[in-house]
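Within every chain, numbering begins at 1; the chains are lettered A, B, ... in the order of the sequence lines, protein sequences first and strands thereafter.
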There are 2 protein chains.
Amino acid sequence: MVTVTRKQRERLEREAKILDLARGMLHEVGYLGLSMDRIASQMEYSKGTIYQHFQNKEEIILALANEALEKRLEMFESASTWSGATCSRDRIAAIGAAAEKFVEQYPHHFAVEQIVRSASIWEKTSEERRQFMQVCEGRCMQIVGGIARDGLAHGDLELPAERSAEDVVFGLWSLNFGAYTIVTSSESLEENGIRDPIAALRHNQNLMLDGYNWRPLYGDRDYDAVMDRVKREVFGNE
Amino acid sequence: MVTVTRKQRERLEREAKILDLARGMLHEVGYLGLSMDRIASQMEYSKGTIYQHFQNKEEIILALANEALEKRLEMFESASTWSGATCSRDRIAAIGAAAEKFVEQYPHHFAVEQIVRSASIWEKTSEERRQFMQVCEGRCMQIVGGIARDGLAHGDLELPAERSAEDVVFGLWSLNFGAYTIVTSSESLEENGIRDPIAALRHNQNLMLDGYNWRPLYGDRDYDAVMDRVKREVFGNE
DNA sequence: TCTATTATTGACGTTTCGTCATTTTTTGAC
DNA sequence: GTCAAAAAATGACGAAACGTCAATAATAGA
């Protein structure tokens, strides 16, 4: 029915608008400054209406986190199917580029993810949205893990008996997540001699992959150039 | 004067008690559940008295974070001067053991650090405590950086022209901080095949250091055993 | 013992959350 | 076009929390 469709569309549009407002507010005044009253007044709706979309404040935060993880998953998928890759490790480099671009292009998405990981907002939120987070997280891991398993299958990579593809995934995830968290939250990097953390991250990541003996090694291929290409060709760096 | 000393001592004791209560509360009911009224009522003091110790709620959180970073700094210092080290890389392993022990023994300390890094509580807090955080952070980095510079001086480690000891520090920090953050905040590690993340972290860290060609390499020395020894000998693992 | 200083209190104003009875709008049958 | 039923929107309200401050109590020292 036409009317139902229009209603639903309006509902979705309004929901998107609430989230847009919330995202901006979160960015400007932080987690604590985010207020339902202010969202309501900035929208042209009353508070009660906002509460028809989201049970509570935490649900809004989690909805923002859902958008964030969804976006990253999408970017990981684009990166993993990049046609320019000539080897499995190129595809890992492409994922690295996606992670880099994600933080650059959507810093608020990354910030929300951090908030959700540290503040305990889980109790009050819906099972549905919590599950969505896990699905996105799991699929991102599957993408990276899949590339590692491809590498194993093609002989680009071997692992000692007690290590699995998942350990590689965990290593890359830790290193990247940790680095971006520190970069966005520490004020004293510069004065402690860390002038170009992103370049350092790329380097450290490649050293770790070299440690896994994932060929071609860093010395034999310019993965920095590969990452820059991916950022340009897949994500349209200006 | 005797009286002043007693007063001051009482004041410090009460401050410690406030922080103890706050820590427990933070752990039980999370950042949002932490309430000044509840702290006041659980202490046998009124709210006004609490506010004579801490300007606001954020100051309490930051004071907890200060304790956390101070504790870690102390553990890093103990680890870095461990007498059992036979080479510079042993000392790095010792730091790794300290980081591991820190999260194990004081999980609430680590949780507070994460909160402080993500929630924007900085604006309302005192310059003094903010600075203390940076000092601790900087000194931890200096300890690790110092070991790297020792390694360079002794020829255990060489770096390419465009890399510095600080990049090694940043790599270790990222990898560790990221790993512990993920471990304490992700619910789906197990079902995604990451069964022993701490073992994986140790492995990944060693691979990265191998990538830097920090000798003796992982294959030539059992750094896992070194870390276990440090945890036993320095931090008294039961 | 008495006054001056210091410490403590808790009621208060404000803000925000989340609810719900009331009002407004929309829908669809006639 | 009319009207009753359903759906949507409203904002006043109670509860809870923050941070303040005038009033009160405790203490120190003359």
Rounded to the Å, how far apart are [X] [atom1] and [N] [atom2]?
| X | N | atom1 | atom2 | result |
| --- | --- | --- | --- | --- |
| A/Glu15 | D/dA8 | CD | P | 13 Å |
| B/Glu44 | C/dT9 | CD | P | 10 Å |
| B/His53 | C/dT6 | NE2 | P | 16 Å |
| A/Glu10 | D/dA8 | CD | P | 11 Å |

State whether [X] places a side-chain N or O below 4.0 Å from either non-bridging phosphate oxygen (OP1 or OP2) of [N].
| X | N | value |
| --- | --- | --- |
| A/Arg11 | D/dA9 | no |
| A/Arg14 | D/dA9 | yes |
| B/Ser46 | C/dG10 | no |

Do you know the tightest heavy-atom contact between B/Ser174 and A/Leu175?
-> CB-O, 3.6 Å

Sugar-phosphate atoms are those with a prime plus P, OP1 and OP2; base atoms are the rest. Using that split, label each nucleotide of nucleotides 13-19 of chain C B, S or - for protein heavy atoms under 4.0 Å, 5' to 3'.
-> ---SBBB

Tell me which donor-acceptor pairs under 3.5 Å the side chains of residues 36-43 of chain B have, and how far apart each pair is, sequence neighbours excluded?
{"from": "B/Asp37", "atom 1": "OD2", "to": "B/Lys47", "atom 2": "NZ", "distance (Å)": "3.4"}
{"from": "B/Arg38", "atom 1": "NH2", "to": "B/Gly33", "atom 2": "O", "distance (Å)": "3.2"}
{"from": "B/Ser41", "atom 1": "OG", "to": "B/Arg38", "atom 2": "O", "distance (Å)": "3.4"}

Please check if any side-chain donor atom of A/Glu137 sits under 3.5 Å from a side-chain acceptor atom of B/Ser186, or the reverse.
-> yes

Is the closest side-chain donor-acceptor distance between A/Ser188 and B/Gln134 under 3.5 Å?
-> no

Would you please classify the geometry between the B/Trp173 ring and the B/Phe170 ring as parallel, tilted or perpendicular, with 30° and 60° separating the classes?
-> perpendicular

Listed by chain and number, what are the salt bridge (Lys or Arg N to Asp or Glu O under 4.0 Å) partners of B/Arg23, not counting sequence neighbours?
-> B/Asp20, B/Glu67

